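Note: hydrogens, waters and symmetry copies are ignored here, and every other heavy atom, side chains too, is used. Worth saying up front: this structure is predicted, and the values here are computed from it rather than measured.
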Amino acid sequence: METKGETENCLGWAARDPSGILSPYKFNRREPRSDDISIKITHCGVCYADVHWTRNNFNNSMYPLVPGHEIVGIVTKVGSDVTKFKVGDHVGVGTYVDSCRDCDYCNDYREIYCEKSRVGTFNYIDKDGTITKGGYSTSIVVHERYCHKIPDNYPLEKAAPLLCAGITVYTPMMKHKMNQAGKSLGVIGLGGLGHMAVKFGKAFGLKVTVISTSESKKEEAINLLGADKFILSKDKDQMTSAEKSLDFIIDTASGDHAFDPYLSLLKIDGIMVLVGFPSEIKINPFVINFGSRCLAGSVTGGTKNTQEMIEFCAENKIYPEVEIIDMEYINEAIERLIKSDIKYRFVIDIENSLK
């Protein structure tokens, strides 16, 4: 969404090379087309995806790279054909900003799986040939379909993490019917995604168990987030005693880990959904077959699900746990994120610190 050869109208922070170090960078946002809205960004969440792409971990980074896909702000302009938004509305933008709008998945509002031309919020080639720039910036212009209304009474700084961390766990929970009160949910990992899975689980009336490699997570899991139980996964006795006790598991861990011990925690017909990205998956088929268990995968979600999730959070007063930072602190924040030194999501105060 950068336009070359025109006056630079947007200030952001960009990485220039695989060091991932971010610094100020000016570029141009296009003028809103007839179906676009222009957004003054107030806050942007910091996702581990920002680490991956600023550091070229997938060997496809295009520099200068402006990351950020948990974007919230206020509408400043609307195109002539826009029907969903007006100037002054609070809005959010998530992990993609365009798609073909014609394939089966787009027609089903599952645009994240668009077969032809899904365009990510940053580091993607847009339909006009420019490279998309993300939310570590003062403004963004997006087609109205890929923007989400945020209720006026929902704090914008709390809304930002919903656009990736929140929807990434909400989508599979709804798809696999993990909203049945009284059922049991296990959550592997207690970071940005895991803590939202716990919050959704409790809102759905589930009995929630946090499963972690760190004993230090127990107090916050139970006393801060309201989990019902805690399992230290390194303790074989605790894992053995919990076998066949869970209906569902959301696995948010991206580091390499064994799968059989976690799958064994599922009841017969239990479902485990992987939303992290370990380098490989190894499973003993006996664990799956003789337990009639299912291992599924998921990424973020479509526009319909995302709006539904935002409204659910507002109605049920579900708020991510965030640490607000200034833009100038972002390089330190990235280092802390890599070390898992955050409870549970950094959110950049763009409005007050990027000028």
Side-chain angles (χ1 to χ4, degrees), residues 45 47 70 150-151 153-155 157-235 238-239 241-242 244-253 262 265-267 270-276 298 301 305 308-324 340-347:
C47 175
E70 294 182 339
I150 297 171
N153 63 350
Y154 198 96
E157 69 274 13
K158 298 282 191 177
L162 299 180
L163 279 305
C164 179
I167 191 59
T168 296
V169 293
Y170 182 87
T171 295
M173 291 180 80
M174 296 303 290
K175 177 181 179 180
H176 297 285
K177 297 180 173 57
M178 300 184 189
N179 58 348
Q180 303 173 62
K183 295 280 190 177
S184 53
L185 169 72
V187 178
I188 302 173
L190 197 60
L193 277 65
H195 97 286
M196 288 305 302
V198 174
K199 286 176 178 279
F200 286 135
K202 294 303 296 180
F204 292 144
L206 303 177
K207 299 172 184 176
V208 179
T209 298
V210 169
I211 308 160
S212 175
T213 59
S214 175
E215 179 72 30
S216 64
K217 298 280 189 178
K218 181 176 182 178
E219 182 177 353
E220 61 199 64
I222 293 174
N223 295 331
L224 175 63
L225 300 176
D228 299 283
K229 295 180 181 179
F230 179 89
I231 297 174
L232 182 65
S233 58
K234 294 187 293 186
D235 187 320
Q238 290 188 36
M239 291 290 284
S241 66
K244 295 184 178 179
S245 66
L246 302 173
D247 295 293
F248 313 112
I249 294 176
I250 293 284
D251 183 357
T252 72
Y262 296 113
L265 302 180
L266 289 171
K267 297 176 182 178
I271 299 171
M272 175 168 158
V273 178
L274 177 65
V275 295
S298 187
N305 265 6
E308 175 188 283
M309 174 209 59
I310 292 170
E311 292 170 4
F312 180 80
C313 288
E315 291 168 4
N316 292 276
K317 296 181 169 55
I318 300 170
Y319 305 109
E321 304 295 326
V322 302
E323 180 178 332
I324 307 298
S340 299
D341 179 22
I342 172 62
K343 297 178 183 177
Y344 289 90
R345 204 68 158 182
F346 287 116
V347 173

Any donor and acceptor pair, going by atom type alone, linking the side chain of E70 with main-chain N or O of A165 inside 3.5 Å? yes
Between M239 and I231, is there a side-chain heavy-atom distance shorter than 4.5 Å? yes
Between T209 and G186, is there a donor-acceptor pair closer than 3.5 Å when you use the side chain of the first and the backbone of the second? no
Assign the ring pair Y344 / H195 to parallel, tilted or perpendicular, where the plane angle (0 to 90°) is split at 30° and 60°. parallel
Using the salt bridge (charged side-chain N to carboxylate O under 4.0 Å, His left out) rule, collect all pairs that involve residues 181-201, keeping only residues at least two apart or in two chains. K199-E321
Separation between CG (N305) and OH (Y170), nearest 0.5 Å, reads 6.5 Å
Under 4.0 Å between a Lys/Arg side-chain N and an Asp/Glu carboxylate O for D228 and K202? yes
Sort and list the pairs that fulfil salt bridge (charged side-chain N to carboxylate O under 4.0 Å, His left out) and have at least one residue in residues 157-178, not counting sequence neighbours. none
Sub-4.5 Å side-chain heavy-atom contact between I211 and L265: yes
Does a side chain donor of either S214 or S212 reach within less than 3.5 Å of an acceptor in the other side chain? no
Can you see which heavy atom on A253 is nearest to which on L274, and at what distance? O-CD1, 4.4 Å
Contacts of F230 that satisfy ring-ring contact (aromatic ring centres under 6.0 Å, His included) - sequence neighbours left out: none
On a heavy-atom basis, the closest approach of A221 and L190 is CB-CD2, 3.8 Å
Any F200 side-chain heavy atom under 4.5 Å of V169 side chain: yes
Would you say K229 has more than 12 foreign heavy atoms packed within less than 6.0 Å of its NZ? no
Mark yes or no for whether T252, through its side chain, and G191, through its backbone, hold a donor-acceptor pair below 3.5 Å. no
Provide the closest heavy-atom pair for M309 versus G166 in the form atom of the first, atom of the second, distance. SD-C, 3.4 Å
